[in-house]
Amino acid sequence: MKELVETIARALVDHPEHVNVSEEQQRETRVITLSVHKEDMGKVIGKQGKVATAIRSVVYAAASQQHQHVRLEIAD
Amino acid sequence: MKTVTVSGKTIEEAKANALLELSIEEDQLEYELVQVPVKGFLGLFKGKPAIIEAKVKQDPTKEAAAFLTQVLKEMGTKAEIEITEKKKEVLFDIQGEDLGVLIGKRGKTLDSLEYLVNLAANRYSDKYSHITLDAENYRERRREALQQLAARLADKARKTKRKVVLEPMSSRERKIIHAALQNEKDIETASEGKEPHRYVAIFLSKK
């Protein structure tokens, strides 16, 4: 899942070298935290969170297929 | 994006050097002239070399296809993309087995993938090209289902003489509903509410 979030984020931002993704297990949930360059925050969130919603729906679909419970957070 | 500055005695030579440095073919080269070359004269004047700033020309469709291929792989699906280009529209048809996960409930995952693919494709490009994603002929099947739904709900509006409200839909799906009922003289349609909860209402025309 980590690689998937990285791939998507890198394709959207102006500073792909500043894309960082970490994973942490919290009980049954795998929490994935994405952080990007300050100037790229808007690019991974979008107007009314449209981009973030799209990333989540793709990541959650992939996770559910592997019977994983995942949550994606975007660090500020 | 990677930009290199290269020089040569002539512009042609500078371009050739840029191709070598970026290891690309001539049709992928995009450059700007920084300095026009000036020839020296009998050693009295020093010549100036041609200097260009060169970079790899981006192909939105190729970028998008590479991006989607990578995403599909990392989602754990075995799928390939068939690309059809016509005029300004590009269709990516995802082919493989068990693509339900890529489509999602009412196409939510497919729409999200499509949105991200378009963002990735147009990141560097100044001319906007739209890419449509499809899998297992979902787009066409959904269109037919929406057209049948529209006809059924128009009948309901006629029978009850009341406004019938559909669930929230994307603009693409609302358009299908509006178009399906366009020729029904006694029926009118309108989109109401705010994105992303905009929905279609079907009602009898006032005469």
Side-chain angles (χ1 to χ4, degrees), chain A residues 1-23 25 29-74, chain B residues 1-3 58-79 92 94 96-125 131 133 135 138 168 170-171 193-198:
Chain A
M1 281 316 116
K2 199 178 154 209
E3 291 77 21
L4 178 61
V5 176
E6 268 171 10
T7 301
I8 296 173
R10 287 220 174 97
L12 304 175
V13 299
D14 289 331
H15 306 279
E17 68 281 7
H18 283 100
V19 168
N20 241 308
V21 181
S22 61
E23 273 184 304
Q25 191 73 29
T29 308
R30 194 122 193 104
V31 180
I32 301 176
T33 308
L34 165 68
S35 70
V36 297
H37 193 281
K38 218 168 55 222
E39 289 165 15
D40 283 328
M41 283 301 278
K43 300 233 159 155
V44 291
I45 294 174
K47 275 185 203 154
Q48 295 171 332
K50 208 178 161 193
V51 181
T53 306
I55 300 175
R56 287 200 174 97
S57 98
V58 169
V59 173
Y60 296 168
S64 77
Q65 194 194 22
Q66 293 164 22
H67 308 286
Q68 281 186 49
H69 204 264
V70 164
R71 191 169 77 229
L72 175 66
E73 290 186 350
I74 298 170
Chain B
M1 204 181 346
K2 200 174 151 196
T3 309
Q58 302 293 320
D59 180 335
T61 307
K62 267 192 202 156
E63 290 254 312
F67 169 67
L68 182 59
T69 304
Q70 184 73 15
V71 167
L72 292 177
K73 199 179 115 201
E74 283 164 3
M75 285 181 82
T77 53
K78 282 191 184 122
F92 282 10
I94 306 169
E97 277 170 39
D98 268 341
L99 300 181
V101 62
L102 295 182
I103 297 171
K105 193 181 170 199
R106 296 206 181 91
K108 192 183 167 207
T109 312
L110 192 63
D111 285 344
S112 293
L113 274 172
E114 184 178 282
Y115 181 60
L116 295 173
V117 164
N118 276 287
L119 286 179
N122 293 295
R123 180 165 56 150
Y124 298 125
S125 165
I131 297 164
L133 246 58
Y138 174 78
S170 64
S171 61
K194 282 207 171 130
E195 293 284 7
H197 300 291
R198 228 164 135 67

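Each chain gets a letter, A, B and so on, in the order its sequence line appears, and its residues count up from 1.
Within residues 61-71 of chain B, the residues approaching chain A closer than 4.5 Å by heavy atoms are, in numerical order, F67(B), Q70(B), V71(B).
Pairing each heavy atom of M75(B) with each of A61(A), the nearest pair is CE-CB, 4.3 Å. The two residues R123(B) and R10(A) come nearest to each other via the heavy atoms NH1-O, 3.1 Å.
Options A11(A), A63(A), A62(A) differ in how many heavy-atom pairs under 4.5 Å they form with chain B, and the most are formed by A11(A).
For E97(B), the CD atom counts as loosely surrounded, since its 6.0 Å shell holds 12 or fewer non-hydrogen atoms of other residues, nucleotides or ligands. The number of heavy atoms from other shown groups lying within 6.0 Å of NE2 (H15(A)) is above 12.
In this structure, OG in S57(A) is found 7.5 Å from CG in L116(B), a value given to the nearest 0.5 Å. Distance check, rounded to the nearest 0.5 Å: CG of L4(A) to CG of L72(B) gives 9.5 Å.
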Please tabulate, for side-chain N and O atoms in residues 41-51 of chain A, each donor-acceptor pair with protein atoms closer than 3.5 Å (sequence neighbours left out).
unit_1	atom_1	unit_2	atom_2	d
K43(A)	NZ	D14(A)	OD1	3.4
K43(A)	NZ	D14(A)	OD2	3.1

Evaluate side-chain contact (heavy atoms from CB on, under 4.5 Å) for D98(B) paired with Q65(A), printing each intermediate quantity in order. CA-CA 11 Å; D98(B) 268 341; Q65(A) 194 194 22; 5.6 Å; no
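Contact of R56(A) with chain B is not made at all, since no heavy-atom distance falls under 4.5 Å.
None of I55(A), V59(A), V58(A) except one satisfies the side-chain contact (heavy atoms from CB on, under 4.5 Å) rule with S112(B); the exception is V58(A).
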